[in-house]
Structures are given as structure tokens and as C-alpha cells.
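Lettering of chains follows the sequences in order, A, B, ..., and the numbering in each one begins at 1.
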2 protein chains.
Amino acid sequence: MKFVAANLALRLLGIVPFLALAAFASPSSAQTLLPLNLMPQPANIKQAPGALRIDANFTIALTGHTEPRLQRASERFLTQLHRQTALLFAKTSSDAAKATLVVHTDHASKEIQELGEDESYTLEVTPTGAKLNAANPLGVLRALQTFLQLVEVTPDGFAAPAIAIQDHPRFAWRGLMIDVSRHFIPLDVLKRNLDGMEAVKMNVFHWHLSENQGFRVESKKFPKLHELGSDGLYYTQEEIRDFIIYARDRGIRVVPEFDMPGHSTAWFVGYPELASGSGPYSVERKWGIFDPAMDPTSENTYKFLDELIAEMAKLFPDSYFHIGGDEVNGKEWDANKKIQDFKKSHNLKNNEDLQAYFSQRVQKLVTKHGKAVVGWDEVFIPGVPKDIVIQSWRGQQSLAAAGQQGYHGILSNGYYLDLGWSAARHYAVDPLSGPAAGLTDDQKKLILGGESCMWSEYVDPENIDSRIWPRNAAIAERFWSAQSVSDSSSMYLRMSVISEKLEWLGLTHRTYQRKMLQRIAGSASPEEFAALRNLADVVEPVKDYTREQTAPVEPTSQLPLNRLVDAVGLESDAGRHFSELVDKFLAASCRDTVTASELRTQLALWSQNDAALAPLALKSVLVQEAVLTSRDLSAVGTAGLRALDAIATGKPLASDQQSQLDSVLSETAKPKAQLVLIPAAAVKKLVDAASQPNACAPAKP
Amino acid sequence: MKFVAANLALRLLGIVPFLALAAFASPSSAQTLLPLNLMPQPANIKQAPGALRIDANFTIALTGHTEPRLQRASERFLTQLHRQTALLFAKTSSDAAKATLVVHTDHASKEIQELGEDESYTLEVTPTGAKLNAANPLGVLRALQTFLQLVEVTPDGFAAPAIAIQDHPRFAWRGLMIDVSRHFIPLDVLKRNLDGMEAVKMNVFHWHLSENQGFRVESKKFPKLHELGSDGLYYTQEEIRDFIIYARDRGIRVVPEFDMPGHSTAWFVGYPELASGSGPYSVERKWGIFDPAMDPTSENTYKFLDELIAEMAKLFPDSYFHIGGDEVNGKEWDANKKIQDFKKSHNLKNNEDLQAYFSQRVQKLVTKHGKAVVGWDEVFIPGVPKDIVIQSWRGQQSLAAAGQQGYHGILSNGYYLDLGWSAARHYAVDPLSGPAAGLTDDQKKLILGGESCMWSEYVDPENIDSRIWPRNAAIAERFWSAQSVSDSSSMYLRMSVISEKLEWLGLTHRTYQRKMLQRIAGSASPEEFAALRNLADVVEPVKDYTREQTAPVEPTSQLPLNRLVDAVGLESDAGRHFSELVDKFLAASCRDTVTASELRTQLALWSQNDAALAPLALKSVLVQEAVLTSRDLSAVGTAGLRALDAIATGKPLASDQQSQLDSVLSETAKPKAQLVLIPAAAVKKLVDAASQPNACAPAKP
């Protein structure tokens with residue numbers, strides 16, 4: 001007994017007596033395989049019985065090609081492994097003969113990371129050690145993340161299951177775009193998001209750096225760009241260089257975007273001569289599409305852009321340069337006689353032609369400075385050079401059209417993180433599905449991948465992580481893994497595990513919420529706070545562009561993001577679980593008493609919740625706003641209980657009862673305070689079932 | 001209706017239409033006073049009806065004496081106010097005539113902050129503005145924290161209640177000691193703890209920098225101290241200078257401690273000639289009192305200390321210098337013939353005399369380098385100079401003795417954060433209670449205050465905040481507020497509010513736990529994780545020094561702190577609430593059916609908890625360790641339900657039933673896996689009540 005206890009104690013403290021270690025490998029071989037929680041799913045997996053113990057003696061050795069980046073990667077790997085396990089590893093790197101994990105790298109990767117570089121790797125884990133092989137450091141970076149995801153606590157301590165993995169990405173361009181202009185996002189926040197990208201094997205950070213609301217890069221050539229166009233919120237060139245090194249260390253390219261000729265009001269504050277209107281201009285505070293646009297008819301515009309692109313092309317080493325190009329409404333052009341004259345004299349039929357003229361000029365400048373152009377759909381105009389990459393915000397149709405004409409494309413339509421879609425909905429979008437599915441194999445090769453997009457009207461440093469993660473992990477899997485990896489149940493299970501691990505990196509997508517709710521609740525009692533949390537758990541912000549359309553006052557960059565709609569998650573886990581539970585209950589003809597009891601407990605809690613929350617609404621204006629939603633939740637709970645009662649007794653709801661409940665539910669289904677009450681739809685299913693004579697017969701006694 | 005909605009929307013977004021603002025002040029005057037959540041409690045408060053709205057137009061102006069530190073303080077104040085409200089304030093400082101908060105500072109404080117400098121302030125808040133007056137910047141720093149604590153969300157937006165405060169500290173020395181030697185604590189963690197100290201008006205950071213387990217300061221004079229004595233984990237002198245500026249900005253003195261002649265093994269790794277034994281020495285990995293001690297008979301020791309103290313006295317500007325002095329077991333002295341001879345030739349009767357000789361020599365060196373000595377009880381020996389400060393770890397008796405003989409003292413006994421006491425227990429300890437209460441008024445003035453102590457055997461950067469906060473806020477109040485401020489219910493209410501606000505500063509004492517539990521749980525199901533959390537909520541680590549005594553294997557600095565005992569809080573809020581609920585129920589002769597129902601819900605949850613947790617114990621070794629405690633919790637739940645049943649039916653438990661339950665409860669009261677199950681004691685009260693015929697008559701029908 002004493003031995004067993006001490007043995008257990010030793011094991012849980014990460015120390016393995018020799019005998020225990022010997023005993024460890026053999027019983028495992030008879031055990032079932034350990035569960036895997038890998039995301040993105042690797043291309044090929046062969047799992048074997050047994051596992052590699054991870055204890056304080058774990059070491060990693062680098063063989064073959066080495067470079068400081070690999071050394072740093074192995075240190076970060078050990079740091080992360082420490083966070084996951086709390087084990088204290090020796091810092092010294094060990095020799096390959098004795099190391100637990102032996103990394104072999106064939107050769108260097110390109111000094112400036114290129115599109116399409118080899119990221120493949122093999123990883124073999126046995127009960128006695130692990131081997132990682134990759135052609136170049138990029139593959140090593142990817143494999144180390146896979147290894148970290150393999151490590152789990154087990155009955156015998158921390159361990160990685162025995163496994164052989166051969167892996168490579170499906171798409172070469174797997175990006176996340178962050179708009180740092182509408183709300184400025186500091187570098188520490190961006191860096192932790194790079195850490196998250198590395199964890200899920202994304203390899204392009206698309207930095208949306210300029211907008212009507214801000215020009216966020218220091219320009220030494222044109223200092224009034226950042227001095228007058230950023231409210232003092234910009235990145236210095238030194239910070240940017242450091243950030244690019246940070247990204248390269250993680251196998252991530254940094255593609256800068258300077259959006260033009262529209263979305264550029266902030267440029268004009270310092271340089272009004274670039275604009276098509278007469279100004280004066282000030283940094284835009286509102287959201288939307290605005291009139292200001294560069295003057296495409298002025299040679300001074302191109303001279304300016306030539307010099308700016310020269311400066312920025314040097315600052316950002318990536319071989320791609322994003323020139324934006326989206327959403328020009330043409331109003332300033334229409335109002336400017338000189339521009340109208342220019343159109344006529346140059347035989348440009350409309351503003352699209354005028355923008356095409358502008359795009360061609362700018363593309364030449366980008367080419368002149370050694371870069372290839374990326375642009376939104378609008379830059380895809382007849383005759384543009386073939387090295388251009390079209391980023392499609394409009395949809396798969398426009399992406400397919402690019403492919404058909406021999407152009408490279410990446411998909412962002414379907415991956416807009418700010419629209420509040422579920423992970424499953426993003427996950428179901430594939431760059432090669434829909435119209436793109438009809439492309440020839442050669443044309444399909446032109447579809448390079450995709451990018452998720454975090455537009456920042458309604459995010460700030462406090463809640464941005466929660467708007468990106470964990471859903472971005474599902475999108476990352478879409479870009480990395482085979483098209484056939486598409487089961488959303490499996491995705492959700494694995495995503496919830498990865499979500500926890502992402503927080504070890506410093507991402508705050510889970511911890512942010514309590515603080516925001518606490519701000520809303522003030523000095524609430526524990527009961528009141530619990531009620532607020534119960535409500536927050538089952539609501540989501542209104543979807544797509546409804547937030548703008550239903551705003552109580554016109555939203556601007558000056559308004560604080562401190563409302564319940566800013567604090568709640570974009571996808572309600574509790575709402576999804578409840579809905580699954582209802583489906584399970586109905587699928588079993590309402591005969592599953594355990595599920596019935598779970599539903600009843602949940603519905604009872606909701607039905608009583610408003611009573612606990614209502615007093616708080618009298619104390620806090622930020623709760624007051626949600627008072628109708630809170631009442632709705634209790635109404636939904638009560639309606640659900642009535643439906644369950646009817647089902648339990650086997651007496652269908654009378655039609656007046658049914659229509660009364662339907663009317664309650666249809667009221668609760670209407671968003672209020674920009675919040676959607678998720679359980680309303682599932683409860684409607686219960687009421688429907690309770691209204692039919694035979695849909696749900698009572699359980700036999 | 002539209003107007004009301006828009007008005008509400010404007011208010012919750014932090015914009016006040018003029019009319020609404022006008023309306024705001026007047027109805028408030030008829031309202032009850034807003035609740036205050038100040039900690040520490042100010043000396044004098046006069047609250048008035050009404051409140052000062054805090055919106056995006058809030059500005060602060062500095063008048064009178066100004067200096068960069070005040071400017072930085074006002075910027076930090078706005079940052080913190082932003083975190084609390086999410087409001088976006090203009091960055092420009094405004095002129096006094098228009099500012100919302102006008103700060104007046106009479107004159108500068110000392111360049112090097114001195115013990116006993118004036119920290120008083122007055123703060124007046126009216127519905128139209130606020131005024132802060134202080135003699136010097138220290139009072140301003142204190143007052144700004146009070147103002148931040150006043151700000152709350154209200155039905156009309158964020159606001160600070162109308163109030164007039166005159167405030168000053170009771171004690172001049174209000175410290176927190178952190179031992180960074182047994183576990184190294186990085187500077188970012190220390191800095192956020194300085195932020196926390198500032199929030200609760202503490203003014204001394206006592207930096208325990210050397211120990212058997214590590215010498216944590218770069219010495220340019222004796223580089224082998226940090227090179228060989230720290231495992232590479234030390235602070236550079238540049239970092240220390242930066243840290244001291246950071247502390248000074250917050251009105252906090254930094255007192256360094258170099259513990260000698262014992263607790264100094266780490267010194268001897270590089271400089272074995274300092275020791276009384278023959279070595280060789282290595283950095284100590286275990287906890288406890290060890291034999292190595294400096295050779296007090298060698299002139300070389302004093303030459304070395306002279307040069308080291310010279311270097312460190314320059315690095316640390318505070319006029320106090322802590323020389324430790326605690327816990328020398330004398331074994332190395334006894335074993336060294338030269339030392340024994342020295343004792344005889346110098347007429348030193350015992351090792352206490354020898355240590356006194358050492359202390360006097362070192363004290364002279366400290367004085368020579370312009371500092372006054374602080375030392376633990378052991379340095380208090382007849383004839384030491386009167387400028388010494390005795391830090392009492394032994395208790396109030398020894399503190400009182402110092403006072404009686406005209407020496408300054410500070411109390412730490414009763415404030416050891418690592419012992420796992422409740423906040424209430426620390427709160428009840430007063431530097432001037434017990435033996436010190438008998439001091440004359442003049443003697444009482446010699447008691448300068450106290451220090452809480454965070455010894456670091458069982459803390460690391462991940463959980464240290466949770467071992468310090470929020471309990472340290474209660475101790476801070478003890479040192480700042482009047483002795484009569486001693487109601488622990490009020491303390492707990494206010495501490496829970498402050499605890500939330502402390503997290504805005506970056507402290508992790510609340511957010512740390514989910515991550516640690518997640519590590520323990522691995523990829524648990526949501527139900528399993530909830531069960532683990534339920535268990536974690538009602539257990540505490542074993543108290544005092546029991547952790548060492550009951551360790552399953554000998555603890556060392558190499559063992560990971562990843563067990564449940566490392567993850568659970570030191571004080572179970574849920575346990576305390578349950579106990580209060582039981583007391584309330586019994587006080588009402590068990591007739592309070594609402595309370596009975598709450599108790600029953602809680603007990604039922606516990607009684608079922610083990611069934612949910614047990615499967616997880618099969619999957620994770622870190623849960624497996626807690627399996628007996630989990631069973632105990634369910635047994636406690638079941639026992640409590642049986643007691644409630646007996647009370648409800650009015651039939652007392654039969655004596656065999658009672659003794660069976662008693663035996664269960666006495667088993668559950670025994671700590672297992674170093675965890676104390678808190679609700680066991682309260683359930684015992686229920687069982688006792690259920691066993692007496694008349695203690696709890698059933699409620700009348």
C-alpha cells in the first residue's frame with residue numbers, strides 16, 4: 001500500500017521509478033488506443049498501442065541542418081510543453097543518441113519565406129522515443145505543433161501516443177487577415193495571434209494596415225501619413241521589422257495591405273492632394289463605405305505611390321504586396337470635373353474602367369519594386385499580369401472565374417470571422433467547392449488557399465481573441481487537411497481541446513469574458529452574476545451585417561465596446577449542446593428519460609433565471625439593456641417545460657396552448673439589444689412535438 | 001418610446017445628452033446612497049446623495065507641484081479607468097478649470113521615498129466634479145486608487161458617488177515580502193504584484209533575494225554569486241534599477257534582503273570560503289533549515305560582506321537594508337574546531353552569542369554604507385543600535401519586547417500567506433493587539449506596521465498571484481485602516497469586489513485556475529470537468545506546515561506544481577458560503593425552508609459528484625490522486641441529505657445512524673492528497689442537530 005501510494009505520487013510528480021517505466025510500456029500494448037485531438041487533421045496517421053512517457057527527463061535534439069531559428073523553435077517547444085504539463089525540463093540541448101525527440105532537418109528554407117515552400121514532415125512516436133523528419137525548418141515547425149497536440153495527461157502521467165504521421169498541407173496559402181485600422185490592435189495582441197496561427201499551422205498573416213479610420217505604419221518618406229492619419233496609434237518601422245522576424249520564426253509570411261484607391265480617407269488627412277475631392281479630410285470615425293478616393297488621373301498620385309511603395313516594399317520582405325482595391329463608390333470621381341474629363345479623353349466608359357486604369361498603374365509600380373500584387377476581387381480586370389493573386393471577398397463564383405482565366409486566387413468569402421458564423425458554417429466552406437469544383441485539375445492548382453478575415457469594427461484588444469478563436473482553428477483545418485475531413489462533430493470535439501491549449505499561448509479568448517461580464521455586472525451578488533452568466537451563455541451577437549443595421553446609435557470608433565453583445569461569445573456552446581440534446585430526445589421519440597431529465601433541469605434553470613437577473617438590471621445600465629432578452633430566456637424555459645409536461649403526460653397541447661407558446665417563441669426569436677437567443681429554435685421543436693398526437697408517445701411505464 | 005430607447009442607448013454607450021445629464025443629478029438626491037466598496041477603508045468618509053457621472057468626457061488635471069511621476073500616474077489612472085469601464089478617454093490633459101478631476105499637490109516628496117512620509121489626502125466628489133488634495137505625490141497616488149474604487153456601473157452609466165474623504169494610513173510600514181529564491185519569480189509577475197500593492201495602498205516591497213535555493217541578484221563584484229548560485233535565474237542590475245523606478249512610481253519602497261549567516265547555501269557554491277563547513281556546496285533543491293552557515297569568525301567573511309553590501313547598498317536606494325538572520329541551526333559551527341576555539345577565546349557562551357557577534361559586525365557594515373538594518377527576530381540582541389527595525393516572524397510577544405526596549409518593529413507573524421489561512425484569520429491579527437496592546441503610547445509608535453510574507457516553496461509564476469490575492473487586500477486594510485475596522489463580513493464583501501478589480505491590473509489570481517484544472521483534467525468531457533471544478537471549489541490545501549509533513553515524496557524545487565493541491569484556492573469561497581448557510585439554518589431552528597432548499601440542492605450536487613468525476617480519475621493521474629477526496633465529498637453530501645431528511649421529518653437520527661454518519665464525517669475530515677474538504681465540518685453540525693430531539697423541531701405546517 002505504501003509502495004503503491006509512493007509510486008503513484010512519484011508518477012504524478014513526473015518522476016518514474018525504473019520499474020514503473022518498464023511496466024508502463026507493456027500493459028499499454030493491450031490497451032485501447034489513446035484518443036487523438038489533432039487539429040488540423042494530418043494527412044496520414046497510423047496509430048499503434050503504447051505511448052511515449054513525457055517526464056522531466058524529456059529532451060530534444062536537432063540534427064542535420066541547424067540554424068538559430070530551429071534552436072529558438074525547440075526552446076519555444078519546451079516552454080509550451082512546460083505550460084501544458086508544468087514539468088521542469090533541463091534547458092541544455094542533448095545529443096541525438098540520448099534525446100527523447102530527435103529532429104532531423106534536411107536543408108535550409110528560403111531566407112524570405114516563399115509561397116509553396118515544402119512544409120511536409122514525418123513524425124514517428126514509439127514508447128521509447130520520437131523522430132521528426134522534415135525537408136526544411138518549416139516542416140519542423142509544423143511537426144512540433146503536432147507533437148504538442150499529441151501530449152495528454154494519462155493514467156500514467158503525461159504521454160504522447162505511439163503513432164506514425166506523414167503530413168503536408170493541402171493549400172499553400174493559409175492566412176488570417178487582421179484589420180488593425182478600424183480599431184488599432186497592439187503588437188502584443190497580434191503576436192499572441194501569430195502564436196495561435198502557428199499552433200494550427202497557418203502560414204500567412206495578412207496585415208490590413210490602412211483604412212479610412214487609420215494609417216497604421218510609420219512612413220519616413222511621408223510622415224504625415226501616420227502622424228496625422230492614426231491618432232498616434234501606429235507601428236514604428238522598427239516594431240514592424242521585429243514583428244516580421246517573430247512571424248518568420250513561426251513559419252508565417254507577413255503580407256501588408258495598403259488599401260487604395262478607396263478606403264483611404266486617413267491618407268488624405270496629411271496629404272489631401274492625393275484625393276479626388278476638395279477636402280479637408282479627417283480620420284473617419286464611422287463604419288461603412290465612404291466617398292473619398294484617390295485621384296487616379298493625377299500623375300502626382302502615382303509619383304507619391306511610387307515612393308511609398310518603394311519604402312514599404314523594402315520594409316516588408318514578402319514577395320507579395322496587397323493593394324486592396326475594394327469598394328470604391330465613385331462619388332468623389334463623379335463630382336470632379338477634371339476626373340470626368342479624363343475619363344472621356346482616355347475613353348474610360350465608367351468608374352470601373354477608371355479603377356482598372358488605376359489598378360494597372362499601381363500594379364506596375366508594385367512590380368517595379370519587385371513584388372507581385374494581391375488585391376480584392378476588384379483588381380481582377382482583363383489583361384492584368386498573371387502573377388497577381390485575387391483575394392475573393394465576393395464569393396466562389398468570382399474565385400472560379402479567376403481560375404478559369406489562369407489567375408491565382410484565394411478565398412475569403414465564407415471566412416469572415418466578424419460575421420458571427422458558427423465554426424461549422426465556416427468549416428463547410430471549401431475553396432474548391434461550389435463553382436470552383438468545376439475547375440480542371442490544372443485550374444484547381446491556381447486556387448492557392450484562403451484567408452479568414454477579422455474586420456475590426458466591433459473588436460478591440462480586449463475581445464478580439466474571442467472573435468478569432470477557436471473558430472479560426474476550424475478554418476485552419478479546412479486549409480490544411482484533406483477536403484474529405486469534414487465531419488463537424490469531430491471538428492467541434494477536437495476544437496474544444498485545442499481551444500484550451502491555445503490559452504497556454506497567452507490567447508485570451510476564454511478568459512476575457514468573465515472580466516467583461518464583471519464590468520457589466522458591477523458589484524453584483526454571486527447569484528446575480530451567475531444569472532448574467534447563464535444569459536450570456538445562450539445568446540450570440542446578431543449575425544452578418546445586422547449589428548450595423550440595428551445599432552441603437554450610429555456606431556463609431558469612439559464608442560466603448562462594453563455591452564453584453566461585445567462580451568458574449570460569437571458561438572454559444574451551451575446553445576449548441578442544448579439543441580443537440582433536443583434533437584437526440586426527439587430522435588428517440590421522446591422516450592429517453594435521462595435526456596428528458598437533463599432538458600428539464602436546463603429549462604427550469606432558464607425559467608427561473610430572470611428572477612435572479614432582474615434586480616441587477618436595476619443597478620447596472622449595461623444589464624438593463626438586456627432585460628428583455630432575459631425575460632425571453634425565462635419565457636423560453638417555461639415554454640419548454642410546458643412542452644415536456646405535455647409530452648410526459650401523453651396529452652398533446654391544445655391548439656390554443658400551442659399557438660400561445662408559438663407566439664411567445666416567435667417573440668423570443670426576435671433579436672433584442674442586438675442579441676440572438678439561441679435556445680428559442682430548439683424549444684420550438686419541443687413545442688411542435690408536444691403539439692402532435694403521435695410524434696412523441698409517452699414512455700411506456 | 002424611441003426617445004427612451006435612444007436615450008438608454010446613448011447612456012450605456014457613455015454619451016450623455018445634455019438633458020439627461022441635467023436630469024441625472026436631481027433624482028439621485030432623493031435616492032439612497034450608492035454602496036461603497038473601498039478597501040482599505042478610509043479614515044473619514046462623508047457620503048452625500050448624487051454621483052459624478054464618468055463618461056468619455058472625463059478629464060484629469062494636475063495643479064500645484066507637478067513632476068513626471070504625477071503625469072505617469074494620471075496616465076495609468078486613465079488606463080485603469082478605461083479597463084474598468086471600457087470608455088475611451090481623450091489623451092490630452094486638460095486645464096484645471098474644465099477638468100472633471102482636479103488634482104492639487106502641495107510639494108514634492110523625497111527623492112528616495114522615506115519611511116513615514118505623509119501619505120494623507122482629501123478627496124471630494126460632487127455631481128459636478130471631483131477634487132483631490134495631497135501634501136505630496138504619495139497622497140495623490142493613494143487618492144487615485146480610492147477614486148478608482150469609487151467608480152461603479154449604475155443605472156445611469158458609470159459614476160462615482162458624491163463623497164468627501166479625508167484619509168491617512170494608520171501604519172507607515174505596510175509591506176509585502178516575496179521570496180524569489182525558493183522559486184524564481186520573473187519581473188513581470190512581480191510588477192503586476194506591485195500594481196496590486198498600489199491598488200490597496202501598500203508601500204513596502206520586501207524582496208527576499210537570497211536563500212539556500214538561489215542568489216537572485218547580479219553582482220558585478222562577486223559574479224559567481226549569481227552565476228553559480230542561481231541556475232541562471234537572477235535579475236540583472238539594470239532590471240533591478242528599472243524595477244525600483246516602477247515601484248517608486250507607485251509609492252512603494254523596495255527593501256532588499258540578503259539573508260545571512262544561515263539560509264545562504266547558494267552563496268557558497270561560488271564562494272565556499274565564506275562557509276563554516278568544508279563543502280563542496282551546491283544549490284539546495286529541498287526545503288527546510290539546512291546546516292550551511294557563514295563563518296562568523298573569519299575576517300575574510302566581513303571583507304567580502306563589506307564589498308558586497310557596498311555594491312548592493314548602491315543598487316538599492318532605500319535607506320533600509322535587510323540582513324535576514326533567521327534560523328541558524330549551528331551545526332556547521334559546532335563541527336568546526338576553529339569556530340569552537342573562537343567562541344572560547346571571545347567568551348561567547350553559545351551559538352546565539354556567536355550569531356549576535358556576527359550580527360553586530362554586519363550591522364556596522366550596513367551602517368557604514370549609509371543604511372539602517374532590518375532583520376528577523378534573531379538580530380534583536382542587547383546593545384544593537386536603535387535605528388534597527390525588527391521584523392517579527394516569531395510573534396507579537398517578541399514584537400512587544402522590542403517596543404518595550406525602544407526598538408522599532410514590524411509584524412509578520414500572522415501574515416504568512418503561504419500557510420493557507422483564511423483572510424478573516426489574517427485580518428484578526430493586529431500589530432498592536434495581544435502583548436503589544438500593553439505598550440505605552442510612545443512604545444506603540446515604535447511599531448511601524450507589518451508585512452505579509454509569500455514564502456515560495458509551493459508557488460511558481462503560474463499560481464503565486466492566487467496565493468497572495470485577494471487575501472493580501474485584507475492585510476493591507478489591517479495596516480492602513482483604523483484598528484476598529486474589523487468586521488470580517490464587511491471585509492469579505494468588499495474584498496470580493498476588489499478582487500475582481502485587481503484582475504484588471506493583470507493579476508491572475510482568478511483566471512489561473514481554469515488553466516491548471518484543465519491541465520489536470522486533460523481532454524475531459526464538459527460533465528467531468530464540471531465535476532472536477534465542483535470538487536476544487538470546496539477543498540483547500542493543508543494548512544501551516546502540514547504540506548511538507550504530509551508530502552508523498554520529498555518536495556524539491558525540481559518537482560512540478562501541477563497537482564490539485566497547487567490549483568485549488570487557499571480559501572474556499574464555496575465552503576465558507578455553505579458554512580454560513582448552515583449556521584443561518586440552525587440559528588433559525590431549522591425552520592427556514594428557503595435555506596433548507598438551498599442546502600439540499602448543494603448537498604445533492606455533491607452527493608452525485610463522485611459519479612461524474614470517477615471516470616476522469618481513470619484517465620488522468622492528476623485526478624486519480626484526488627479520488628478519495630472526491631468520494632469523501634459525495635459521502636459528505638449524502639450525510640448532509642440524511643441529516644436534512646431527519647430534520648424535515650422531525651424524527652431525530654437513531655444513535656446507530658448518528659454514529660455511522662459521525663464516523664463517515666470524521667473520515668472525510670482527514671486530509672487526503674494534501675487536501676482539506678471544507679464542508680465536512682458544517683455537515684457535522686447538521687448531523688449533530690439532526691441527532692438532538694429538540695434542537696431542530698420541524699417547521700410548523
Atom pair CH2 (B/W504) and CD (A/Q518), whose distance is rounded to the nearest 0.5 Å: 8.0 Å

Toward chain A, the part of B/S557 with a non-hydrogen atom under 4.5 Å: backbone

Region of B/A521 that comes under 4.5 Å of a non-hydrogen atom in chain A: backbone

Under 4.5 Å from any heavy atom of chain B - which part of A/S496: neither

Nearest-0.5 Å distance, OG1 of residue B/T154 to CG of residue A/L622: 9.5 Å

Spacing of CZ belonging to B/R494 relative to OG belonging to A/S523, to within rounding of 0.5 Å: 12.5 Å

Heavy-atom proximity to chain A below 4.5 Å, by part of B/K515: both

Criterion side-chain contact (heavy atoms from CB on, under 4.5 Å) against A/V153, the qualifying member of B/V621, B/L616, B/N562: B/V621

Heavy-atom closest pair, residues A/P155 and B/Q624: O-OE1, 3.5 Å

Non-hydrogen atoms of A/L559 and B/L88 that approach each other most closely: O-CD1, 3.8 Å

Shortest non-hydrogen separation from B/A86 to A/P560 and the atoms involved: O-CB, 3.0 Å

Between CG on residue B/L561 and CG on residue A/L87, distance to nearest 0.5 Å: 11.0 Å

Per-residue contact mode, A/T85 against chain B (heavy atom under 4.5 angstrom): backbone

Chain B interface, residue from A/R519, A/H82, A/H577 that has the most non-hydrogen pairs under 4.5 Å: A/R519

B/I520 versus chain A, the contacting section by heavy-atom distance below 4.5 Å: backbone

Sidechain N-carboxylate O distance under 4.0 Å for B/E500, A/R514: yes

Segment of A/E152 engaging chain B (4.5 angstrom heavy-atom cut-off): side chain

From B/T511 atom OG1 to A/E503 atom CD, the distance as rounded to the nearest 0.5 Å: 8.5 Å

